[in-house]
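Quick note: numbers below take in every heavy atom, side chains included, and nothing from hydrogens, waters or symmetry partners.
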Amino acid sequence: MDWYNKPINGRWISVICLVVSVIIASCEKEEKDTELPVIDMTGANHFPQNCDTVYIGEAFRFSARFTDNFELGSYSIDIHHNFDHHSHSTEMSDCPMDPVKTPANPFLFIEQFDIPEGKTGYQAEQEIMVPEGVDDGDYHLMVRLTDKTGWQAIRGISIKLAVRP
């Protein structure tokens, strides 16, 4: 009697079903993330907005809304002087600028923050202290938002640091 004429028992049926299941599972296509995360800094409760002033010697609360189609990862805030009137080619619009000047003690803030896992929407709230003694004038505030798959969105605004009158 040849092997193909033998009756198939339950054990062989189970093995065949397992092999077919593994093959089907390995053929499923993984959905890929092809979209950038979104930074929304335009809401009435978001701060600062383009051309706003923050005060030296005081803390301010950064507030923005982040969203992503898959999952958010982290964000960073970078505040640096713009005394030379440079540009980052993002959406910074024209604000009244002080004359070009040489920095003596410019404020510099660069910090990264993790977003809790599993979030596709997140309200960022971060208190930032502007210390006494830093140069007043024109600054950029850059936000970099990275999602879990590595896509990054960048948004920049112009702000002014001033001594409260």
Which pairs pass side chain to side chain donor-acceptor pair (under 3.5 Å) with one or both residues in residues 96-112, sequence neighbours excluded? Ser74-Gln112, Asp98-Lys160, Lys101-Asp136
Return the CG to OG distance between Asp114 and Ser76, rounded to the nearest 0.5 Å. 11.0 Å
Side chains of Arg61 and Gln126: closer than 4.5 Å at any heavy-atom pair? no
Measuring only between side-chain heavy atoms, which start at C-beta, is Phe83 closer than 4.5 Å to Val100? no
Ile159 versus Tyr139: any side-chain heavy-atom pair under 4.5 Å? yes
Are Met41 and Ile157 close enough that some pair of their side-chain heavy atoms sits under 4.5 Å apart? yes
Check whether more than 12 heavy atoms from other residues, nucleotides or ligands sit under 6.0 Å from atom NZ of Lys119, and answer yes or no. no
Quick one: pull up CD in Glu71 and CD in Glu117 and give me the separation to the nearest 0.5 Å. 6.0 Å
Checking Gln123 against Ser63: is there a side-chain donor and acceptor pair closer than 3.5 Å? yes
Look up atom CZ in Arg155 and atom OH in Tyr75, then write down how far apart they are to the nearest 0.5 Å. 15.5 Å
Locate the shortest heavy-atom distance separating Pro106 from His81; write the atom from each residue and the value. CB-CD2, 3.7 Å
Go through His140 and Ile79 one step at a time and tell me if the side-chain contact (heavy atoms from CB on, under 4.5 Å) criterion holds. CA-CA 6 Å; His140 286 151; Ile79 302 172; over 6 Å; no
Check against side-chain contact (heavy atoms from CB on, under 4.5 Å), Thr120 and Thr67: CA-CA 5 Å; Thr120 57; Thr67 57; over 6 Å; no
Could you tell me whether the side chain of Gln49 and the main chain of Gly43 form a donor-acceptor pair under 3.5 Å? yes
For Phe70 and Asp147, what are the C-alpha separation, side-chain angles and deciding distance, and is it a side-chain contact (heavy atoms from CB on, under 4.5 Å)? CA-CA 8 Å; Phe70 270 49; Asp147 69 16; 5.8 Å; no
Under a plain distance cut-off of 3.5 Å, with no hydrogens placed, do His80 and Asp78 share a side-chain donor-acceptor pair? yes
Report yes if some heavy atom in the side chain of Phe109 is under 4.5 Å from a heavy atom in the side chain of Val130; otherwise report no. no
Taken to the nearest 0.5 Å, the spacing of Ile39 CD1 from Leu36 CG works out to 9.5 Å
Examine Phe47 and Leu141 and state if one hydrophobic cluster contains both, with Ile, Leu, Val, Met, Phe, Trp and Tyr joined whenever side-chain heavy atoms are less than 4.5 Å apart. yes
With Leu145 as reference, evaluate Asp68, Val38, Ile115 under the side chain to side chain contact (heavy atoms under 4.5 Å, CB included) test and give the passing residue. Ile115
Could I get the full list of ring-ring contact (aromatic ring centres under 6.0 Å, His included) partners for Phe62, not counting sequence neighbours? none
Taking all non-hydrogen atoms of both residues, which atom of Ile56 and which atom of Glu132 are closest, and how far apart? CG2-CA, 4.0 Å
Following the transitive rule for hydrophobic clusters with a side-chain heavy-atom cut-off under 4.5 Å over Ile, Leu, Val, Met, Phe, Trp and Tyr, establish whether Val163 and Ile128 coincide in one cluster. yes
Give the intermediate values and the outcome of side-chain contact (heavy atoms from CB on, under 4.5 Å) for residues Leu161 and Phe107. CA-CA 9 Å; Leu161 265 59; Phe107 178 56; 3.8 Å; yes
Whether the side chain of Asn50 engages the backbone of Ser158 through a donor-acceptor N/O pair (distance < 3.5 Å, no angle test) should be reported. yes
Rounded to the nearest 0.5 Å, what's the gap from CG on Asp135 to CG on Leu108? Could you check? 12.0 Å
Between Trp151 and Pro37, is any pair of side-chain heavy atoms under 4.5 Å apart? yes
Taking only residues two or more places apart in sequence or in another chain, which ones pass side chain to side chain donor-acceptor pair (under 3.5 Å) with Asp84? His86
For residues Ile154 and Met142, determine if any side-chain heavy atom of one lies less than 4.5 Å from a side-chain heavy atom of the other. yes
Could you tell me the separation between the OG atom of Ser87 and the CG atom of Asn82, rounded to the nearest 0.5 Å? 8.5 Å
